[in-house]
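Heads up, the thing below is written out as structure tokens.
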Amino acid sequence: MIELKKTYSPEDIEDKWYVFWEQNGYFKPNPNATKAPFCIVIPPPNVTGSLHMGHALNATIQDILTRWKRMSGHKVLWLPGTDHAGIATQNVVERELSKEGIDRHKLGRETFIERVWKWKAEYGGKIIHQLKKIGASCDWSRERFTLDEGLSAAVREVFVRLFEEGLVYRDNRLINWCPRCHTALSDLEVEYEEIEGKLYSIKYPLTPPVRIEGGYITVATTRPETMLGDTAVAVHPEDERYKDIIGKNLDLPLTGRKIPVIADAAVDPAFGTGAVKVTPAHDFNDEAIGKRHKLKSISVISEDGRMSAEAGERYSGLDRYICRKKIVEDLRELDLLEGDKKYLHSVGHCYRCKTIIEPLLTIQWYVKIESLASEAVRAVQDKTIRLIPDSWENNYFAWMRDIKDWCISRQIWWGHQIPVWCCPDCKGEDGTPPQGEIIEHIFFEPVMLRAGIKATGGIYSELKKLGMSHEEIIRNSKIIRISKKVKPICQREELTECPKCGSKNIIRDPDVLDTWFSSALWPFSTLGWPQETEDLKTFYPTGVLVTGFDILFFWVARMIMMGLKVMKDAPFRDVYIHALVRDSKGHKMSKSKGNVIDPLVMIDKYGADAFRFTLAAFAAQGRDVRFSEDRVEGYRHFINKLWNAAKFIVNNEELWAKQPLHGHDKDLDLPGRWILSRLAFTAEEVNRNLGNYRFNDAANSIYQFVWHEFCDWYIEFTKPVLYHGSSEEKAAVINCLFFVLEKIIQLLHPFMPYVTEELWNTVFEQSKSIMISQYPVDLPKYPDAEEQMDYIISAITGIRSIRGELNIAPSLEMRAGIKTASKEVEDVMKNNLTAIMKLTRCKEINIGADIRKEKGSAVSVRDKMEIYIPIEGLLDIKSEVERLQKEKSKIDDSIATLNKKLLNEDFLKNAPRVVVEKEKAKFDDFVHKKEKIEENIKLLKTVSSKQ
RNA sequence: GGGCGAUUAGCUCAGUGGGAGAGCGCUUCCUUCACACGGAAGAGGUCGCAGGUUCAAUCCCUGCAUCGCCUACCA
């Protein structure tokens with residue numbers, strides 16, 4: 001005896017089934033699967049993360065695909081994991097420490113990292129748990145972490161290979177620096193934001209003899225503090241105002257230095273005064289100008305955002321913004337400040353902590369990107385990799401063309417430490433000892449300031465001179481960068497002594513790699529590379545990558561580059577780029593805006609199934625999703641509908657043959673064959689749409705089928721049989737009901753795993769899971785049944801609509817007549833008369849007979865039939881006449897337009913014959929309808945005059 | 001500045017070179033034995049504006065407007 005609860009309550013069953021699936025190993029690749037392997041690697045969420053809408057959409061789509069592929073017979077692996085998220089995680093733990101009043105430097109590197117691991121063990125599993133809540137069918141036995149041993153080995157291997165090929169190198173150049181995180185950032189990690197600042201105009205006096213009016217040049221800047229590092233003023237070479245003074249010197253205020261006026265075409269003479277201060281050490285454009293003119297770079301700001309020793313005694317050690325104020329004051333006092341005005345400009349911020357970034361001159365590691373990028377472009381061009389929707393291709397190409405070398409070193413502790421060492425005790429190739437050169441730059445400000453040491457170059461030796469030991473310097477240094485002049489030793493294994501001279505003083509480069517470096521290896525490192533594992537052979541390249549466009553460049557492009565470079569094959573065939581989930585007003589959801597909808601709250605409220613179905617239905621290609629809770633509620637109703645349909649079907653369990661349906665098709669009545677045909681059509685559509693990543697279309701076609709075809713029509717058609725039919729008739733219908741229900745829940749399973757599993761287990765199989773059943777495919781169709789049912793449905797709809805429009809009480813049984821254009825249609829009607837009568841509450845229906853002759857009747861024209869209903873005494877005649885007249889005038893308009901069209905010779909000559917025929921038929925139809933309406937009006941008027 | 005996308009029913013959004021769609025909301029009727037988280041019948045749109053191509057444009061092209069996103073620059 002099958003028993004279903006009165007209503008479906010997700011909270012009672014979701015966790016139970018999840019555990020059941022996992023314990024039975026259904027998430028693991030099925031070794032007996034016959035079809036090709038299919039693998040998805042999850043975009044690893046940050047360990048610090050908690051599930052947001054983006055993750056939910058992302059995971060739902062992947063789960064739909066994996067469940068579908070699994071049921072379709074593929075060997076499926078969905079490989080999960082998390083990302084160590086260097087800066088983000090370090091920030092989280094640092095914040096925690098600061099509550100205890102501890103600075104990470106006090107703890108020291110090793111202790112700090114231990115602390116982060118501890119944090120990870122405690123809180124890092126949160127997002128995994130949340131993914132399980134929404135039903136993600138990941139193989140958790142293969143879960144990876146970007147910092148685990150295997151992945152770290154992969155990172156070292158790739159780094160060393162690229163190093164050996166000369167594709168990673170060090171350089172001293174301007175980079176984006178976050179003074180709060182104390183690290184370099186890649187261009188992508190900088191977010192630009194419009195803010196209101198001030199534009200200051202500063203006078204730079206011309207060194208006498210004066211050759212220009214007023215004796216000075218005015219330059220404009222939003223960052224006056226950088227003027228301390230100016231090494232030139234640039235003007236456009238053809239600017240008449242300044243032609244005479246190019247090559248002359250200016251007195252740089254507040255510094256006592258003299259700087260030249262140079263000519264450079266990059267200067268826009270129309271902007272401001274047409275003269276630009278040039279600060280090669282703190283501005284990207286100025287750096288370029290500086291290179292062209294071989295200017296010196298003077299770094300006046302140091303890594304923590306304070307002014308460096310180079311800024312001069314008066315300013316060094318000041319915070320950059322305090323210094324800005326002070327400089328403005330000082331300039332004003334010297335009468336060198338011409339003015340200031342409010343100014344809106346965009347300023348780079350750190351994407352992790354929102355601090356304003358500072359361009360700084362530092363030594364960093366880079367990946368030479370050009371050759372990698374061109375391979376990655378080719379892979380997309382020749383369709384080795386498909387971007388879906390393909391509108392992203394242009395974006396991708398544009399970005400890849402302009403790509404700059406990738407800065408991969410970060411001055412933090414949490415991450416993959418760069419596998420590079422150097423030895424301070426070895427002699428250089430020319431025989432001179434590298435001592436004093438080995439460490440080019442130490443961030444060691446208090447000591448430096450006290451000792452009056454300049455911020456760049458030779459600090460190590462300066463500190464040594466002060467009597468500090470090697471160990472002391474290393475220990476107390478916040479940031480060390482090994483000099484470019486020293487040849488690094490790059491290798492896969494840990495180094496404890498110098499391989500050349502055996503010295504134990506060996507120093508490892510303290511920098512770690514950009515988090516995205518390890519993410520870039522994710523599709524193969526997770527499968528076991530660099531080892532030749534079975535998984536790697538089976539699942540690489542993976543099938544599809546599902547991701548949002550926000551990390552297309554951060555991650556996808558880099559995976560493509562690394563995959564092609566290291567594996568000699570693209571990491572995936574398809575990249576499905578889904579929408580960004582926004583709030584109902586179209587804004588990005590963010591904590592600071594307070595417009596975040598928590599997926600877990602949605603799951604609690606509506607169940608994971610309804611929530612997932614909503615996301616799928618929203619996931620139209622190429623557009624952002626504006627999430628609205630109403631939709632979730634709507635789909636929860638859908639689940640309820642499904643549940644109740646199942647309940648209805650289960651009520652008839654006794655006569656269920658529990659046999660496969662096929663082979664017995666001929667026993668089925670017309671509605672039965674019709675619903676099977678519709679089912680076949682739906683299954684075909686769902687399979688096709690899933691194959692094309694059209695999740696919304698797939699979801700909608702099942703929805704439409706279940707509710708508006710299966711429930712609204714088929715179940716209603718079965719009722720007369722179930723209540724009054726013979727036991728053979730009943731058995732056939734019941735078998736069909738169970739069969740269709742089974743296929744429905746299978747079709748729905750990828751979208752709604754929980755409720756379908758619950759139904760499957762209670763109704764169909766007791767032990768096995770729906771997860772491992774066969775997804776519906778290639779079901780038989782019955783086109784004739786579909787055609788015939790269309791007539792019946794339109795007859796029923798026609799009668800109902802007259803009923804509704806004429807306000808005939810539902811309880812009132814009535815008579816109707818149906819006249820059709822063909823004998824076949826009439827036969828179909830006659831064969832299904834009982835059902836039609838039941839569904840329309842007619843006590844008598846005459847097929848083919850014209851009952852107008854007996855009494856006045858309302859007439860409705862539908863498709864190929866006319867429907868008559870005696871109207872005497874049934875309606876409000878006056879308003880009905882009004883309505884009909886309105887409708888008539890509408891039809892008159894349509895007839896006029898069509899008539900014009902059909903008299904148009906060009907149309908008749910050029911339009912396809914089918915179209916012309918269609919239009920003609922439409923015209924006839926309208927004329928016919930008009931006649932009937934006129935008849936009705938006449939009739940009503942006669943009736944009303946009698947009353 | 002460059003690029004991309006959007007503009008369709010009250011709201012959220014699908015869609016197509018030849019009949020304007022869905023969900024929610026709304027109106028009317030129905031507590032009929034799966035389901036009121038329901039059923040039936042309806043109302044509601046010059047498919048942003050202006051041109052062009054075509055026998056035919058909501059769809060293709062051009063321009064404009066509004067909104068959004070990406071990207072570069074902003075001395």
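Values reported hereafter were calculated over all heavy atoms of this structure, with side chains retained and with hydrogens, waters and symmetry mates removed. Letters go in sequence order (proteins before strands), and every chain restarts at 1.
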*In whole angstrom, give the distance that lies between atom CG of A/Leu4 and atom C1' of B/rC35.*
13 Å

*asked:* Going by the rule side-chain hydrogen bond (donor to acceptor under 3.5 Å, both in side chains), which residues pair with A/Asp12 if we only count those two or more places apart in sequence or in a different chain?
replied: A/Lys5, A/Ser9

*So which one's nearest nucleotide on RNA chain B is more toward 5', A/Lys647 or A/Gln704?*
A/Gln704

*Could you say whether A/Phe553 or A/Ala646 is positioned toward the 5' end of RNA chain B, judged by the nucleotide with the nearest heavy atom to each?*
A/Ala646

*Please name the pair of heavy atoms, one in A/Ala557 and one in A/Met400, separated by the smallest distance, quoted to 0.1 Å.*
CB-SD, 4.0 Å

*Rounded to whole angstrom units, what separation is found between the CG atom of A/Asn696 and the P atom of B/rG21?*
19 Å

*Which heavy-atom pair separates A/Ala275 from A/Ile217 by the least distance, and what is that distance?*
CB-CG2, 3.5 Å

*Using a cut-off of 4.0 Å on non-hydrogen atoms, how would the nucleic acid contact of A/Leu199 be classed: base, sugar-phosphate, or nothing?*
sugar-phosphate

*Using a heavy-atom cut-off of under 4.0 Å over every strand shown, decide if A/Tyr635 touches base, sugar-phosphate, or nothing.*
nothing

*What integer number of Å spans the C1' atoms of B/rG17 and B/rA34?*
45 Å

_Checking A/Glu393 now: which residues fulfil side-chain hydrogen bond (donor to acceptor under 3.5 Å, both in side chains) with it, not counting sequence neighbours?_
A/Lys383

*Please name all residues satisfying side-chain hydrogen bond (donor to acceptor under 3.5 Å, both in side chains) with A/Glu742, sequence neighbours left out, ordered by chain then number.*
none

*Ignoring backbone atoms, test whether A/Lys719 places a side-chain nitrogen or oxygen under 4.0 Å from the OP1 or OP2 oxygen of B/rA34.*
yes

*Can you name the one residue among A/Ile356, A/Thr226, A/Val300 that meets side chain to side chain contact (heavy atoms under 4.5 Å, CB included) with A/Arg320?*
A/Ile356

*To the nearest Å, how far apart are A/Glu191 CD and B/rC69 P?*
13 Å

*Under 4.0 Å protein heavy-atom contact, by nucleotide of nucleotides 36-41 of chain B - B base, S sugar-phosphate only*: -BSSSS

*Verify side-chain contact (heavy atoms from CB on, under 4.5 Å) between A/Val733 and A/Phe717, making sure each step is shown before the conclusion.*
CA-CA 10 Å; A/Val733 160; A/Phe717 270 111; over 6 Å; no

*Would you please confirm or rule out a distance under 4.0 Å between OP1 or OP2 of B/rA14 and any side-chain N or O of A/Tyr703?*
no

*C1' atom, B/rA36 versus B/rC29: distance in rounded Å?*
14 Å

*salt bridge (charged side-chain N to carboxylate O under 4.0 Å, His left out) between A/Lys203 and A/Glu338: does it pass, once the steps are laid out?*
CA-CA 6 Å; A/Lys203 299 176 194 171; A/Glu338 200 171 79; 5.2 Å; no

*Calculate the interatomic distance between A/Phe284 atom CZ and B/rC73 atom P; express it in whole Å.*
9 Å

*Considering all heavy atoms, the nearest A/Ala281-A/Leu174 contact*: O-CD1, 3.0 Å

_How about NZ on A/Lys198, more than 12 heavy atoms from neighbouring residues, nucleotides or ligands closer than 6.0 Å, or not?_
no

*Separation between the P atoms of B/rG18 and B/rC61, rounded to whole Å*: 15 Å

*Do the numbers put A/Lys719 on top of the ring of A/Phe648, so that NZ or CZ is under 6.0 Å from the six-membered ring centre and no more than 45° off the axis?*
yes

*Spacing of A/Glu633 atom CD relative to B/rG23 atom P, expressed in whole Å*: 15 Å

*asked:* Please give the distance between the P atoms of B/rG10 and B/rC49 as a whole number of Å.
replied: 14 Å

*Which whole number of Å gives the distance between the P atom of B/rU62 and that of B/rG3?*
12 Å

*Aromatic centroids of A/Phe611 and A/Tyr606 separated by under 6.0 Å*: no

*Produce a footprint string for nucleotides 51-60 of chain B: one letter per nucleotide, 5' end first; B if the base is under 4.0 Å from any protein heavy atom, S if only the sugar-phosphate is, - if neither.*
----B-----

_Pairwise C1' distance, B/rC64 and B/rC70 [rounded to whole Å]_ = 23 Å

*asked:* What's the gap between B/rG63 and B/rU27 when it is taken at their C1' atoms, as a whole Å value?
replied: 43 Å

_Whole-Å distance separating the NZ atom of A/Lys404 from the C1' atom of B/rA72_ = 9 Å

*asked:* Over 60° means perpendicular and under 30° means parallel, so tell me whether A/Phe710 and A/Tyr714 are parallel, tilted or perpendicular.
replied: parallel

*Could you state the atom-to-atom distance from CG of A/Asp697 to P of B/rG15 in whole Å?*
7 Å

*What is the distance from CZ of A/Phe613 to P of B/rG23, rounded to the nearest Å?*
12 Å

_Consecutive-pair stems (at least three Watson-Crick or G-U pairs, under 3.5 Å) that include RNA chain B_ = B:1-7 with B:65-71, B:10-13 with B:21-24, B:26-30 with B:38-42, B:48-52 with B:60-64

_Interatomic distance at P, B/rG42 relative to B/rC47, whole Å_ = 24 Å

*Looking for any heavy atom pair under 4.0 Å, which part of the strands does A/Val650 touch: base, sugar-phosphate only, or nothing?*
nothing

